[in-house]
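Data first, discussion second: the structure below is written as structure tokens.
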Amino acid sequence: MQASVDLIIEGSTVRCLGNWTAPHLHEIEKRLARVEWPVTDVRFDLGGIDSLDTVGAWLLFRTIRELESASGESGYTVQQVGADAQTRRLLELVGAKSEGTDQPPMPYLPGVLESVGRHLGSLLEECLAFLHFIGNLSLVTVRSCLRPWRIRWPKVVQELHAAGVNALPIVGLLTFLIGIVIAYQGGIVLRDYGANIYIADIVGLSMVRELAPLITAIIVAGRTGSAYTAEIGTMMVTEEVDALRSMGVAPLEMLVLPKLIALMIALPLLTVFADAMGLFGGLIMANSMLNLNPATFLSRLAEALTLDAYLSGIGKAPVFAAIIAAVGCFQGFRVFGSAGSVGRQTTMSVVESIFMVIIVDAAFSVAFARLGI
Amino acid sequence: MQIVHDSRLDSPSSIENAYVLQGRDLSQSFGAKQVFSGINLGIRPGEVLAIVGGSGSGKSTLMRQLALLQTPTSGAVTVFGATVTDMEAMSANALRRRLGVMFQQGALFGDLTVLENVSFPLQEHTELSHSLIEQVAMVKIALAGLQPDTAALFPSQLSGGMRKRVAVARGIALDPAILFLDEPSSGLDPISADAMDELVLQLKETLGLAVILVTHDMDSLWRVADRIVLLADGKVAAEGSIRELVDSSNMVAREFFHSRRGRATGAMYA
């Protein structure tokens, strides 16, 4: 098969043939790198070129330029012949635009120490900004609580529906499954000891005190916290937040407060639902695996599960809700510039709110233990 | 008085071969709303064709159809003699490589530097070495009128005018035969807009590009457009050089080019 592009070196004449265009040039590029140039005057015959694009022109220009600078020292000359007007024009063009090709500038890459420093700096800056945001939000909340008729209640109801009612299926299903798993894992051990009845203690306490509030908060952080960031972030990109500000409407009051109120109502309610579904899962598993009938399970549950335990689980939910809403909205307001930033901040929002929820949960456990609850 | 509509476009004839790109009987509707229908136009090698029309007249949609980015509701686009009716077909991809597009907002990849943005099409479609690709990309960046040190910047660090220039550099990376420019001077200050016009002319002259231009800018129409297609009421209302359109008796063309802006710009070039 005939090559569509070729380079023939006959003595001191270099003949370029065919289509010197980008899709065909990789072979020629490799060959040019290996050529041992004759140590005499060189003549480039460009008459055989059928078509030439800027890539081909650049390759020719580069080759000729290198050869010129090498042969210039030894007194040889490099000549071009046979080029048509189009070829000459392109060669001139790429030659005129060759500034910066020797060393294409690279983006500045900071060293390890600088990266660490910058990262730490931005982390500190973010912590300060978050504190600032929490402060502002608290002010707005207190001010609004003093004038509750100013709160946008229709918006609260809307958010309540989105964050609460719509989350029921997923929260219910997941906590039901977790109830089953806990009962199964506990049941294996209890059966060996003949202590089947205590399955109600295990499922009841672990679900109600820890797992239901935590799992619900994590689901809501992923589901609703991310939605808050994306919603506010998109409004930042399209300058809607600035538009609100320009009309004298405080974005915190309009966008954040209804979300905060709604989530602080929705999350405890979801947690109650999660408690019920988790216990239901445990009950089903106890019945089928340990042959514990539901009545026995429930009566044991009533003894094992104190009001303190129940309230300590539910009581954490509003705190988790405040964290999720605050982090979600805060990250939304940190969106800057392009749409790509919305995605980044949303990811950060979910990671940070789950992280903070777990930290706060641990703090609650320590505090409750000290208080003897 | 000159008849502005080019009647040769209506009948497929021997002239057809002169066009590198041709849209035949193109129409677009969204649901029940018809944006335009029965549009015929073609572009010859080395020609700057401007598509103009009021807001919402479907200029950008028409450009997207011609650039093989949107399947027309009916009609077909012929590029280099190959007729494309299905934009999703693999064969359309090979044709797209020979078309360059500059989108209105630049559409640069935000996580790549300017140099990487311009190198991208070459990396994807050729097997050239990395260093050669970077050198060629630097030539394209210089061709688009940018300083070499711009190459290391990210799109977010660029001004609107520079972003458009980078988009042009990326558009011509593969030496396309046809370059599409969507509102190249919109949102630019007068100096940058003038420079953009000069860039289009320079590219046309040096690389022999055919350019399809969607614009509102009267200055660009006077300065760079060889031929203008005026869209109105979902049809080609008028077609011809700017002088022909300005002097025509066509009502739509008169309204458009004798608007206050049209007259002011026309007076400068008269």
Side-chain angles (χ1 to χ4, degrees), chain A residues 5 19-34 51-63 65-66 84-109 237-238 335-344, chain B residues 94 97-98 105-116 118-119 121-158 163 169 172-177 202-203 205-209:
Chain A
V5 52
N19 296 319
W20 281 62
T21 52
H24 308 111
L25 281 173
H26 50 279
E27 285 295 329
I28 293 288
E29 190 202 351
K30 289 194 192 101
R31 268 168 57 194
L32 275 173
R34 286 196 306 265
S51 62
L52 182 74
D53 66 2
T54 46
V55 178
W58 173 254
L59 195 59
L60 270 176
F61 175 82
R62 188 178 78 169
T63 310
R65 190 180 58 177
E66 276 166 14
D84 59 16
Q86 163 79 5
T87 305
R88 270 203 306 275
R89 217 184 49 198
L90 266 179
L91 281 173
E92 260 169 44
L93 180 72
V94 295
K97 302 291 179 187
S98 62
E99 189 191 349
T101 47
D102 298 332
Q103 190 99 59
M106 287 293 141
Y108 172 70
L109 288 177
V237 173
T238 55
V335 165
F336 176 78
S338 66
S341 163
V342 178
R344 269 195 302 280
Chain B
R97 264 173 238 171
R98 300 172 63 189
Q105 308 296 334
L108 301 176
F109 303 123
D111 49 353
L112 301 183
T113 63
V114 166
L115 183 61
E116 288 164 339
V118 179
S119 305
L122 289 161
Q123 300 273 19
E124 285 298 305
H125 293 306
T126 67
E127 294 164 50
L128 303 170
S129 73
H130 189 69
S131 64
L132 181 62
I133 286 178
E134 281 193 340
Q135 289 170 355
V136 172
M138 286 306 292
V139 171
K140 302 284 156 116
I141 288 170
L143 252 175
L146 292 160
Q147 294 300 314
D149 43 352
T150 323
L153 301 177
F154 286 91
S156 55
Q157 297 169 296
L158 301 176
R163 221 172 287 177
I172 59 172
L174 283 172
D175 281 71
Q202 198 197 352
L203 289 179
E205 274 158 27
T206 52
L207 301 177
L209 282 174

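Chain letters run A, B, ... following the sequence lines, proteins first and then strands; every chain starts at 1. Nothing here was measured: the structure is a model prediction, and the numbers come from that model.
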statement: Honestly, the part of B/L132 sitting under 4.5 Å from a heavy atom of chain A is both
message: So for B/Q202, is it side chain, backbone, both, or neither that comes closer than 4.5 Å to the heavy atoms of chain A?
response: side chain
Non-hydrogen side-chain atoms of B/E134 and A/M106 separated by less than 4.5 Å: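 A side-chain contact exists here, since the closest heavy-atom pair is under 4.5 Å.
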- request: Report yes if some heavy atom in the side chain of B/T126 is under 4.5 Å from a heavy atom in the side chain of A/L25; otherwise report no.
  value: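 Answer no - side chains too far apart.
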- request: Please determine, among B/A142, B/G110, B/A137, the option with the most heavy-atom pairs under 4.5 Å with chain A.
  value: B/A142
query: Considering all heavy atoms of both residues, which atom of B/L122 and which atom of A/V55 are nearest to each other, and what is their separation?
result: CD2-CG2, 4.2 Å
field: Set of residues satisfying side-chain contact (heavy atoms from CB on, under 4.5 Å) with respect to A/P107, sequence neighbours excluded
entry: B/T113, B/A152, B/F154
query: Do other residues, nucleotides or ligands put more than 12 heavy atoms under 6.0 Å from the CZ atom of B/F109?
result: yes
task: Please check if atom CD in B/Q105 has more than 12 non-hydrogen atoms from other residues, nucleotides or ligands closer than 6.0 Å.
output: no
Once you round to the nearest 0.5 Å, how far does [atom1] of [X] lie from [atom2] of [Y]?
X      : Y     : atom1 : atom2 : result
B/M138 : A/W58 : CE    : CH2   : 9.5 Å
B/D175 : A/L52 : CG    : CG    : 9.0 Å
B/L128 : A/K30 : CG    : NZ    : 9.0 Å

field: Pairs touching residues 86-95 of chain A that satisfy salt bridge (charged side-chain N to carboxylate O under 4.0 Å, His left out), sequence neighbours left out
entry: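 For residues 86-95 of chain A: none.
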task: Considering only heavy atoms and a distance below 4.5 Å, find which of A/T54, A/L90, A/T21, A/I28 pairs most often with chain B.
output: A/T54
